[in-house]
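Single-structure report; data block below.
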Amino acid sequence: MRSCRGATARSGATRRPRAALAEAHRRLLSGPEAGLAEFPALDAQFHALVCGAAGNRFFDEFIQRISIIVHYHYQWRKDDEFARNRGAAEEHLKVLDAILEGRGEEAVRHFADHLATARGNLLRSVAWD
């Protein structure tokens, strides 16, 4: 979780991609529900940004592999897909806003909440058989 704390102290050059990612989340959330089908790519960008802030090359490779598995390998139930994607996008935005506003500890709490929600969604919404 150190990455969220550290991410708030980075230069303006790294602030721009975070701000652009936050704006992309806002656009997704303000658009029609069908637009939420674009969420997996945004999700991968968000997690790559957070893991990239850790400065650990193993995280970078790990997040790429996990993203492929989670978004394209698992057989997700479709009945709650838009609600799951909307909820995750809202959680991402809370993390990004806290980072952009320099509230690292709050970003860490929001990210921990997001991971807990993601775990629950995974266990509840993947067709395991």
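Take E38 and apply the side chain to side chain contact (heavy atoms under 4.5 Å, CB included) test, not counting sequence neighbours, and it matches L28. In terms of the ring-ring contact (aromatic ring centres under 6.0 Å, His included) criterion, residue partners of H25 (sequence neighbours excluded) are, by chain and number, H92. Applying the salt bridge (Lys or Arg N to Asp or Glu O under 4.0 Å) test to E106 and every residue at least two apart in sequence or in another chain returns R103. Residues satisfying the salt bridge (Lys or Arg N to Asp or Glu O under 4.0 Å) criterion with R26, sequence neighbours excluded, are D97.
L29 belongs to a hydrophobic cluster with L93, counting contacts under 4.5 Å between side-chain heavy atoms of Ile, Leu, Val, Met, Phe, Trp and Tyr, direct or through other members. Grouping Ile, Leu, Val, Met, Phe, Trp and Tyr residues whose side-chain heavy atoms lie under 4.5 Å apart, directly or via other members, leaves F59 alone, with no other cluster members.
Under the 4.5 Å side-chain contact rule for hydrophobic residues, F39 and I63 do not share a cluster. Hydrophobic clustering of Ile, Leu, Val, Met, Phe, Trp and Tyr side chains at less than 4.5 Å, counting indirect connections, unites L42 with F111.
Checked by atom type and distance alone, the side chain of S125 never pairs as donor or acceptor with a backbone atom of L122 at under 3.5 Å. A distance-only check finds a donor-acceptor pair linking the side chain of N85 to the backbone of L36 [under 3.5 Å].
Going from atom CZ of R18 over to atom CD of Q45 covers 14.5 Å, rounded to the nearest 0.5 Å. Separation of atoms CD (E61) and CG (N56) is listed at 11.0 Å; rounding is to 0.5 Å. If you take CD1 on I99 and CG on L21, they are separated by 9.5 Å, rounding to the nearest 0.5 Å.
Two residues are said to be in side-chain contact when any heavy atoms from C-beta on lie closer than 4.5 Å; F46 and L96 meet this criterion.
Closest non-hydrogen pair, A88 versus H114, comes out as CB-CE1, 4.0 Å.
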